[in-house]
Protein chains: 2
Amino acid sequence: MKKFINSVDHLLDESLGGFALAHADIIQLNIEPRFVRRALPTRPGKVALISGGGSGHEPLHCGFVGFGMLDAACPGQVFTSPTPDQMLAAAQAVAGDAGVLFIVKNYAGDVMNFEIAAEMLDIPHASLLIHDDVSIPEHQGMGRRGIAGTSIVEKIVGAAAEAGADLAACKALGEKVVHASASMGVALGSCTVPALGKPTFDIGPDEMEMGVGIHGERGRERMRLASANEIVDYLANIIDAELKPVRDQPVLLHVNGFGATPLLELYLIYQVAHQFWSRRGVNITRSLVGNYTTSLDMAGCSITLCLLDEDMTHHWDAPAHTAALRQGC
Amino acid sequence: MKKFINSVDHLLDESLGGFALAHADIIQLNIEPRFVRRALPTRPGKVALISGGGSGHEPLHCGFVGFGMLDAACPGQVFTSPTPDQMLAAAQAVAGDAGVLFIVKNYAGDVMNFEIAAEMLDIPHASLLIHDDVSIPEHQGMGRRGIAGTSIVEKIVGAAAEAGADLAACKALGEKVVHASASMGVALGSCTVPALGKPTFDIGPDEMEMGVGIHGERGRERMRLASANEIVDYLANIIDAELKPVRDQPVLLHVNGFGATPLLELYLIYQVAHQFWSRRGVNITRSLVGNYTTSLDMAGCSITLCLLDEDMTHHWDAPAHTAALRQGC
């Protein structure tokens with residue numbers, strides 16, 4: 001296994017330590033239990049937003065803690081849910097009478113542990129479930145996974161909370177964003193989970209995996225390697241069929257890298273996806289291109305489309321100051 | 001070769017097209033000859049800063065065009081110098097009487113082509129050579145290559161130009177930053193140049209390459225894979241011997257990913273490097289961690305140390321609004 005690590009056991013703490021040293025102006029790290037919170041005080045009466053999940057998806061979620069986005073994030077071990085005590089301690093540290101909204105990607109462990117934490121909380125709370133991965137049928141098993149749409153939800157709801165939205169309004173807005181978003185990913189290679197020490201699946205030099213998640217799990221279909229045009233066409237058609245954007249619909253188009261795919265290729269994918277929806281008369285008014293919801297060192301990317309309205313656009317454009325995303329401040 | 005492309009011939013134009021679509025609020029793309037310039041007008045009388053080089057290092061340089069950094073960037077084909085007509089057209093488009101500073105990484109083709117362009121220019125001009133790679137002896141062959149220190153130079157000189165520094169002052173400040181910076185890289189894997197279709201060098205599962213550049217060339221030494229602590233110790237000792245920071249010296253510490261190394265590992269490297277210099281009493285006051293000067297899909301990273309003074313720190317902190325780096329605006 002070729003990674004910059006000292007030991008599998010200390011990888012997460014050493015990485016979080018570096019994150020805290022590099023961004024001491026924005027975040028603080030709580031060691032035991034592990035959570036990252038804002039370094040600067042928030043406006044009194046603000047709803048607290050807390051997310052979390054397994055590590056290995058950086059900059060998600062710790063990179064989104066800061067003004068205009070999250071109040072705290074709880075990192076689990078690599079691809080492993082954080083524990084309820086992390087979420088509880090984070091909520092007790094950052095939330096007040098206005099309450100806390102837990103932003104939870106739809107994975108069994110995350111859902112269960114955030115639920116346990118919520119039950120133990122004695123302040124107002126609500127949960128928002130993210131399930132934007134349209135590679136999975138809506139009502140199969142646990143349902144759809146939360147993937148790259150998460151960044152968009154955390155940005156938009158973060159801005160609303162900053163602007164004074166109450167707990168119910170934050171949750172309702174979050175659900176609107178989730179409902180308006182659809183994502184699907186493709187992998188050219190697997191990733192290597194440190195504790196496993198080898199790629200999570202084998203894949204041939206002329207194969208690709210369609211509909212992958214962000215934990216090195218296989219996708220819904222193994223296909224022969226195709227051109228960028230064909231790959232985008234495949235993904236975008238599925239996303240388009242789900243959201244059915246009408247002519248002149250304003251949208252945000254997000255091309256997300258999984259960790260090992262260069263920007264050179266991500267921008268190429270962005271152009272092809274832009275052409276796909278432009279041809280249909282869809283109005284691409286906002287964009288996000290880069291590595292935001294990653295899967296360790298996986299080569300691949302996902303495409304997310306989010307149908308915008310004026311309110312969502314306004315919150316997308318609002319100031320944010322986090323390690324991974326900065327806007328207007 | 002597993003990449004998101006349609007054809008090797010159109011890769012660059014399709015990627016630049018996506019970049020221009022995604023960041024139309026910040027930059028404009030000129031198609032023939034190829035250059036990227038700011039979308040918004042600059043202050044009259046401002047010195048223009050133009051950089052460029054082979055593509056495959058994204059976000060360098062096009063991602064640094066915008067308020068507070070570059071006025072234009074000229075992308076060559078992958079790992080290939082841009083041509084003099086690109087630089088000349090870019091200068092004619094963005095530079096006025098205050099003149100233009102060409103920021104050139106030290107590679108034979110880049111140096112030659114920027115020189116040819118400079119000779120054809122009829123406005124005041126100067127060139128700044130970046131040569132921060134201390135893996136190479138200073139006076140060997142072409143001398144030291146320009147690598148990840150480039151981002152720091154473009155940020156600091158960009159802020160000075162924005163604040164009204166004249167051409168001579170911009171060049172002098174740039175030389176101060178270059179002189180105060182030292183970088184060295186390590187690769188765990190090679191990269192695949194699209195036109196070549198296979199990795200530029202073979203490397204075993206328990207080997208690493210020390211002192212690599214950013215064009216898939218081999219480094220100065222092949223070594224057995226070591227722990228992150230040992231790797232940082234090796235690189236940091238060479239950098240430290242070059243710059244000899246004294247106790248309490250303020251520095252900027254930059255850990256740069258080459259493209260396929262996750263943030264999880266880059267932040268771990270950052271912590272180890274932070275400890276290395278903190279133990280020596282060096283005062284790490286600024287940081288930059290992420291993929292800024294990449295080498296396509298190479299797994300690896302570089303460490304850059306830059307000795308700061310008040311003036312440099314002030315310019316580092318000044319507002320910047322580019323696709324890849326945003327600060328205070």
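Quick note on labels: first sequence line is chain A, next is B, and so on, each numbered from 1.
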Dump the intermediate steps for side chain to side chain contact (heavy atoms under 4.5 Å, CB included) on B/Leu29 and B/Phe19, then the final yes or no. CA-CA 9 Å; B/Leu29 173 65; B/Phe19 181 76; over 6 Å; no

Under a 4.5 Å cutoff for heavy-atom pairs, which residue among [options] has the most contacts with chain A?
| options | value |
| --- | --- |
| B/Gln275, B/His57, B/Met208, B/His23 | B/His23 |
| B/Ala273, B/Gly300, B/Gly290 | B/Gly300 |
| B/Leu11, B/Val289, B/Val232 | B/Leu11 |
| B/Ala24, B/Gly56, B/Ala22, B/Ala226 | B/Ala22 |
| B/Leu288, B/Ile269, B/Thr294 | B/Ile269 |

Contacting region of [X] [heavy-atom separation from chain B under 4.5 Å]:
| X | answer |
| --- | --- |
| A/Met298 | neither |
| A/Ile231 | side chain |
| A/Pro194 | neither |

Flag the pair A/Arg224 and A/Glu207 as a salt bridge only when some basic side-chain nitrogen lies within less than 4.0 angstrom of an acidic carboxylate oxygen.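 Salt bridge absent between A/Arg224 and A/Glu207.
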
Determine, step by step, whether B/Val36 and B/Asn30 satisfy the side chain to side chain contact (heavy atoms under 4.5 Å, CB included) criterion, reporting the C-alpha distance in whole Å, the side-chain angles of both residues, the deciding distance to 0.1 Å, and the verdict. CA-CA 6 Å; B/Val36 164; B/Asn30 193 73; over 6 Å; no

Among [options], which has the most heavy-atom pairs under 4.5 Å with chain B?
| options | answer |
| --- | --- |
| A/Ser55, A/Cys301, A/Gly63 | A/Cys301 |
| A/Leu253, A/Asn229, A/Asp297 | A/Asn229 |
| A/Leu12, A/Leu188, A/Ile5, A/Leu296 | A/Leu188 |

Can you find a heavy atom in the side chain of A/Ser295 that is under 4.5 Å from one in the side chain of A/Phe79?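 Counting from C-beta outward, A/Ser295 and A/Phe79 do come under 4.5 Å.
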
Rounded distance [0.5 Å steps], CD in A/Glu58 versus CZ in A/Phe64: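 The CZ atom of A/Phe64 is 10.5 Å from CD of A/Glu58, to the nearest 0.5 Å.
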
Check whether B/Pro205 gets within reach of chain A through its side chain, its backbone, both or neither, counting any heavy atom under 4.5 Å.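 For B/Pro205, backbone heavy atoms alone lie under 4.5 Å from chain A.
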
Considering only heavy atoms, which portion of B/Ser287 lies under 4.5 Å from any heavy atom of chain A: side chain, backbone, both, or neither?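 Interface part for B/Ser287: side chain.
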
May I ask you to check whether A/Ser51 and A/His61 show a side-chain donor-acceptor distance below 3.5 Å?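 Result is yes, a qualifying pair exists.
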
Checking side-chain contact (heavy atoms from CB on, under 4.5 Å) against B/Asn256, which of B/Ser302, B/Ser183, B/Ser151 comes through?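 So, applying the side-chain contact (heavy atoms from CB on, under 4.5 Å) to B/Asn256 and each of B/Ser302, B/Ser183, B/Ser151, only B/Ser302 qualifies.
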
Mark yes when over 12 heavy atoms from residues, nucleotides or ligands other than B/Asp206 sit less than 6.0 Å from its CG; otherwise mark no.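 More than 12 within 6.0 Å, yes.
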
Nearest non-hydrogen partners of B/Tyr270 and B/Val255, listed with the distance: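 Heavy-atom minimum between the residues: CA-CG2, 3.7 Å.
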
